[in-house]
Amino acid sequence: MSYMRKNKLWIALFLCLTIGYHFYFLYLLQTKDIQYLLYLDLLVGVGTFFAVGFDVKKHYQEKQKIKELLQADYVIYSVLDTGENLDVAAHDVRVMEQQLREQFDLNCDLQDYIAKWCHELKLPLSACILMNESIKDAALRRLQKEQLEVIRQQLHSALLGCKVQSKLFDLQVRTVDLEECVKTAIHNNQFFLIQKQFAIDFHIEPVQVYTDPSWLIYVLDQLIQNAMKYAKEDPMLKIWTSQKGKSIALMIEDHGEGILESDIRRVFERGYTGQGHHNGKYKSTGMGLYMAAQILERLGHTITVESEYGAYTRFQICLLQQS
């Protein structure tokens, strides 16, 4: 509050005491000399004049300081001794909103740049994959193909990740064949599924669901890649559906490393990597499951997970099916 408002209570109290003393002096004292009262009034008047003058001076100094600071391009709340000035609050809100807009625009520009870069890199990558087929040394061809496939997957994830974070997140929800989506995701990852000798148990009901197929396939890619990362010996991937009222539940289960009980509640958090040892081969970023959960939320689907550490991990995606 301003300097004058801080002293308003003390001024009111002082006036009450002065008026009370006058009442006491004039009406309750039997012997009184009016000159003493006038002398007291003079002292009080002079003191009040200087006190009010000092308050007025401080008040206008404060107003001038605020007026100058309102022209600043930084948050001024911490510079002032007051927290109740609406002009100060409005100024700081405007400054912070402008800073947020500028940062948001910078982030969008960066996402657009990365997306364009990913698109431009697709052509030389495709050329490298074709050139890889001409290598006669089978072992070298396989090793190089593996690295090229890793680059392709990471490039695809980066491109779609930029789209998810973008303000122009495109969705085209329609009725699609769930089985076809799952088959496409398996096909996208067939190189590593074959290389790691995954056994696939596949049972999908012939059902039509409401979703965006490209984004659903991206989520399935993430879950399948997650299963491959943490696979153990004799890896198994089970995918099936079950009816849940008007919804259909899609289950994706692997018999890999599993998730610690202390981690399972946080696996969909941004950047959370958990405390498991991740079989010593991969450095998790904690973004895959976070992105999957974000996409499914925007699609109106739900995802849950259950796991037993060292035994299995089962993800369940609930989708609305066509009636």
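Excluded from the calculations below are hydrogen atoms, water molecules and symmetry mates; all remaining heavy atoms, backbone and side chain alike, are included.
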Exercise. What distance separates Ile303 CD1 from Phe315 CZ, expressed to the nearest 0.5 Å?
Worked result: 6.0 Å
For this session: Could you walk me through whether Lys183 and Glu179 pass salt bridge (charged side-chain N to carboxylate O under 4.0 Å, His left out), step by step?
Result: CA-CA 6 Å; Lys183 286 182 177 179; Glu179 183 177 8; 3.4 Å; yes
Exercise. Quick one: SG on Cys118 to CD on Gln154, what's the gap to the nearest 0.5 Å?
Worked result: 10.5 Å
Problem set entry | Flag for Gln99-Gln103: side-chain donor and acceptor within less than 3.5 Å | no
Exercise. What do the steps show when you test Val219 against Leu296 for side-chain contact (heavy atoms from CB on, under 4.5 Å), and what is the final call?
Worked result: CA-CA 8 Å; Val219 171; Leu296 292 175; 3.9 Å; yes
Exercise. Can you find a pair of side-chain heavy atoms, one from Leu319 and one from Leu216, that are under 4.5 Å apart?
Worked result: yes
Exercise. Hey, any chance Phe191 and Ile217 share a hydrophobic cluster, counting ILVMFWY side chains that come within less than 4.5 Å of each other, even indirectly?
Worked result: no
Exercise. What's the verdict on side-chain contact (heavy atoms from CB on, under 4.5 Å) for Ile239 and Ile204, showing C-alpha distance, side-chain angles and the deciding distance?
Worked result: CA-CA 7 Å; Ile239 305 176; Ile204 304 292; 3.7 Å; yes
Exercise. Atom CD1 of Ile224 and atom NZ of Lys229: how far apart are they, to the nearest 0.5 Å?
Worked result: 13.5 Å
For this session: Apply salt bridge (Lys or Arg N to Asp or Glu O under 4.0 Å) to Lys57 and list each qualifying residue two or more places apart in sequence or on a separate chain.
Result: none
Exercise. Do Glu257 and Tyr309 have side-chain heavy atoms sitting under 4.5 Å apart?
Worked result: yes
Exercise. Do Phe202 and Ile186 come within less than 4.5 Å of each other through their side chains, counting heavy atoms only?
Worked result: yes
For this session: State, yes or no, whether a side-chain contact exists between Phe198 and Met228 at a heavy-atom distance under 4.5 Å.
Result: yes
Seminar exercise, completed: Value for CG (Leu223) from OH (Tyr218), rounded to nearest 0.5 Å, stands at 10.5 Å
Exercise. Do side-chain atoms of Ser247 reach the backbone of Cys318 as a donor and acceptor pair under 3.5 angstrom?
Worked result: no
For this session: Would you confirm whether Asp212, through its side chain, and Gln172, through its main-chain N or O, come within 3.5 Å as a donor-acceptor pair?
Result: yes
Exercise. Is the backbone N or O of Glu205 less than 3.5 Å from a side-chain atom of Thr241, with the two atoms forming a donor-acceptor pair by type?
Worked result: yes
Problem set entry | Trp215 side chain near Leu299 side chain, heavy-atom distance below 4.5 Å | yes
Exercise. What distance separates Glu269 CD from Asp263 CG, expressed to the nearest 0.5 Å?
Worked result: 10.0 Å
Exercise. Is the CZ atom of Arg265 crowded by more than 12 outside heavy atoms at less than 6.0 Å?
Worked result: no
Exercise. Excluding sequence neighbours, so at least two apart, what forms salt bridge (Lys or Arg N to Asp or Glu O under 4.0 Å) with Glu133?
Worked result: Lys145
Exercise. With the 4.5 Å side-chain cut-off for hydrophobic clustering, are Met251 and Ile264 part of the same group?
Worked result: no
Exercise. Among pairs that include at least one residue of residues 233-255, which meet salt bridge (Lys or Arg N to Asp or Glu O under 4.0 Å), considering only residues two or more places apart or in two chains?
Worked result: Glu253-Arg314
Exercise. Do Arg270 and Met291 come close enough that some side-chain heavy atom pair is under 4.5 Å?
Worked result: no
For this session: State plainly whether one hydrophobic cluster holds both Leu155 and Met131, where clusters connect Ile, Leu, Val, Met, Phe, Trp and Tyr through side-chain heavy atoms under 4.5 angstrom apart.
Result: no
Problem set entry | Neighbour count above 12 (heavy atom, 6.0 Å) for Gln64 CD | yes
Exercise. With respect to Asp221, which candidate in Asn226, Thr184, Asn188 satisfies the side-chain hydrogen bond (donor to acceptor under 3.5 Å, both in side chains) definition?
Worked result: Asn188
For this session: Assess whether side-chain contact (heavy atoms from CB on, under 4.5 Å) is satisfied between Val305 and Gln316, documenting all intermediate values.
Result: CA-CA 6 Å; Val305 59; Gln316 175 180 282; over 6 Å; no
Problem set entry | Backbone N/O of Gly310 and side chain of Lys232: donor-acceptor pair under 3.5 Å | yes
For this session: May I ask you to test the Leu250-Ile252 pair for a side-chain heavy-atom distance under 4.5 Å?
Result: yes
Exercise. Does the side chain of Leu148 come within less than 4.5 Å of Leu125's, by heavy atoms?
Worked result: yes
Exercise. According to a 4.5 Å side-chain heavy-atom criterion applied to Ile, Leu, Val, Met, Phe, Trp and Tyr, with indirect links allowed, do Leu178 and Val173 form part of one hydrophobic cluster?
Worked result: yes
For this session: Answer yes if Leu260 and Tyr312 sit in the same cluster of Ile, Leu, Val, Met, Phe, Trp and Tyr residues linked by side chain heavy atoms under 4.5 Å apart, and no otherwise.
Result: no
Exercise. Should Lys122 and Arg152 be marked as a side-chain contact (heavy atoms from CB on, under 4.5 Å) after you check the CA-CA gap, both sets of side-chain angles, and the distance that decides it?
Worked result: CA-CA 8 Å; Lys122 279 184 174 183; Arg152 185 186 65 79; over 6 Å; no
Exercise. Salt bridge between Arg94 and Glu97, side-chain N to carboxylate O under 4.0 Å?
Worked result: no
Exercise. Taking atom types as modelled, is there a side-chain donor on Gln243 or Gln321 under 3.5 Å from an acceptor on the other?
Worked result: yes
Exercise. Got a second to check how far Leu220's CG is from Gln225's CD, nearest 0.5 Å?
Worked result: 11.0 Å
